[in-house]
Student: 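Supplied in structure tokens, the structure appears directly below.
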Amino acid sequence: MSGTRKKQSSPASVLVIFGASGDLTHRKILPALANVIERKELEENFVVVGIARTEWSDEDFRKAVLEAVPHAGARFRTAVERFRYISGEYDHPDTFDQLKAILADVDKTTTCPGHWTYYLATVPEVFGLVAGALAKHELNRPSTPDGSIRLVIEKPFGRDLASATKLDAELHESFSEDQIYRIDHYMGKETVQNLLALRFANAIFEPVWNRRYVDHIQITVAESLGVEHRGGFYEHAGAMRDILQNHMMQILALTLMEPPAVVDAQGIRDEKVKLLNAIPIPTPDEVLVHAARGQYGSGVIDGEPVPSYKSEDGVSPGSTTETYAAMRLTVDNWRWAGVPVYLRTGKRLAKRVTEVAMQFQRVPHLPFSDSLSRELLPNVLVLRIQPEEGITLLFGAKVPGQAFEVRSVSMDFGYRQAFGAPPREAYERLLLDALIGDPTLFIRTDEVDQAWRIVDPVLSVWSENGSPLYPYPAGSWGPKEADQLLAQDNHAWRTP
Ligand code: BG6
């Protein structure tokens, strides 16, 4: 979403989806693609080639596509008739020979030959394998002088810094960094992008966006859902790897980074990396006081009883996987030195809410009596990312009446009220950007590394036997031990 880019049509002519019969394709990629096609944002003869091990014919694939998008419009239905399918193994040359033949075929009918995008909607274990096979079949290079090839991958990008570096080394053997589009779907959310508009399209916020005015910052990604049918996956991930290392680090970087000269791929990503690089990594002793983890027990959500994490499908009864993670960070630069940033995320918390709350310092002197200002809180600017997308400013006001009583009130801005329509799905935005070739919202390799650098020491302490894992009841705001991270600075978690 380069700041200079307007609405644009895609030059990509083919989207090749590896893992075409899988859950991600069905739930996210195809519905997003259908909307993009309906809006005429792709070229007329655009083709999808699905690849998976499932033994399907072209017809079976087309049927499955329409099942994934039951309300598809006429444009998408017509496009689906051109969709192709290859049933094959990711480590077998036949699969790639067939792909090569189909791509050559499509190139004859399209207005932009040689523009191919590969989406690896597979388990990460095969990313390197598929990338290598594409290169071996010379499918990592455009077939025309002005063609372009892109490789889209989804998190997790490794389990730690070492495995992330290894994965990148494998991918870089076959694709250059500017061909690799790493998706973090939070970057596709309108309200996350709006952090940039709020900060850099307004004169009034930036002057106070620093240590002189900000007391502390709280970033929350709370989910009321449990692990649903993903227990097996989650057992190996946990809240830190699933959310904090990626989605939360992105939100944090956009909120605190310096203004880029231009909102484009290099401008934004350079600033995010600089910001992440300024976060000191905790020592093992610091981890014990600056990080906390928990696991949900049974409880009640929206009036319904829900089971404990340990009794979810695919979860070991003795599991020590964290479903809640919290951390206290600082940013060692001129703008933020000494301002604590608290991050927390968890499953089965009291409600679904993602927000950034920036609490400002108290006024230097309050000229009202204590008894009349008891209900006055410091100013807080809350950037509500979901579900009630908007911005709230908490400020002091006089209560009507004879006495000069002051208390906090809030001023609200809501996206839906202001713009009418609900924001677009994150995947639509990101899919279209990948097909167009705009990498601004995708994660560069050095951002991934920086995020692992910060969380690795915490994960390493947590992996030790006997490291505390605090229970919390489903439907609460997490383990009470996590309150300590803030209490040591005389702060408390907000109740959103
Ligand atoms: C995914 C995680 O990346 O993000 C899930 O793997 C989580 O565990 C999801 O539920 C949350 O995304 P959203 O867009 O619903 O906030």
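FYI, side chains are in, hydrogens and waters are out, and symmetry mates aren't considered; it's all heavy atoms of this structure. In each ligand, atom 1 is the first atom listed, and ligand 1 is the first ligand listed.
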Student: Judging by distance only, is a nitrogen or oxygen of Thr354 under 3.5 angstrom from one on ligand 1?
Tutor: no
Student: Salt bridge check: are Glu190 and Arg424 linked by an N-O gap of less than 4.0 Å?
Tutor: no
Student: Glu223 heavy atoms, cut-off 4.0 Å: which ligand 1 atoms fall inside?
Tutor: 7 (C), 10 (O), 11 (C)
Student: Going by the atom numbers of ligand 1, which of them fall below 4.0 Å from some non-hydrogen atom of Lys347?
Tutor: 5 (C), 7 (C), 8 (O), 10 (O)
Student: I'd like to know if Tyr186 contacts ligand 1, where contact means a heavy-atom distance under 4.0 Å to any ligand atom.
Tutor: yes
Student: Quick check on contacts: which atoms of ligand 1 are under 4.0 angstrom from a heavy atom of Arg352?
Tutor: 15 (O), 16 (O)
Student: Which pairs would a plain distance check flag for residues 25-32, meaning a side-chain donor or acceptor within less than 3.5 Å of a matching protein atom at least two apart in sequence or in another chain?
Tutor:
residue: Thr25; atom: OG1; partner: Gly19; partner atom: O; Å: 2.7
residue: Arg27; atom: NE; partner: Asp23; partner atom: OD1; Å: 3.4
residue: Arg27; atom: NE; partner: Asp23; partner atom: OD2; Å: 3.0
residue: Arg27; atom: NH2; partner: Asp23; partner atom: OD2; Å: 3.2

Student: Is it true that Glu38 and Arg75 have a side-chain N and a carboxylate O under 4.0 angstrom from each other?
Tutor: no
Student: Report the C-alpha distance between Leu33 and Phe46 in whole Å, list the side-chain angles of each, state the deciding distance to 0.1 Å, and finish with yes or no for side-chain contact (heavy atoms from CB on, under 4.5 Å).
Tutor: CA-CA 11 Å; Leu33 187 67; Phe46 181 82; 3.9 Å; yes
Student: Do the charged groups of Glu388 and Arg416 touch, with an N to O distance under 4.0 Å?
Tutor: no
Student: For the atom pair CG (Asp264) and CG (Asp438), what is the distance rounded to the nearest 0.5 Å?
Tutor: 8.5 Å
Student: What distance do Ile17 atom CD1 and Leu120 atom CG have between them, rounded to the nearest 0.5 Å?
Tutor: 11.0 Å
Student: Quick check on contacts: which atoms of ligand 1 are under 4.0 angstrom from a heavy atom of Gln386?
Tutor: 13 (P), 16 (O)
Student: By number and element, which atoms of ligand 1 are closer than 4.0 Å to a non-hydrogen atom of Asp242?
Tutor: 2 (C), 5 (C), 6 (O), 8 (O)
Student: Below 4.0 angstrom from a heavy atom of His185, which ligand 1 atoms are there? Numbered from 1 as shown, please.
Tutor: 1 (C), 3 (O), 4 (O), 12 (O), 13 (P), 14 (O)
Student: With a cut-off of 4.0 Å, which atoms of ligand 1 are near a heavy atom of Lys189?
Tutor: 13 (P), 14 (O), 16 (O)
Student: Report yes if some N/O of Tyr234 lies less than 3.5 Å from some N/O of ligand 1; otherwise report no.
Tutor: no
Student: Quick one: nearest non-hydrogen protein atom to atom 1 (C) of ligand 1, plus distance?
Tutor: His247 NE2, 3.6 Å
Student: With respect to Tyr342, which candidate in His290, His216, His491 satisfies the side-chain hydrogen bond (donor to acceptor under 3.5 Å, both in side chains) definition?
Tutor: His491
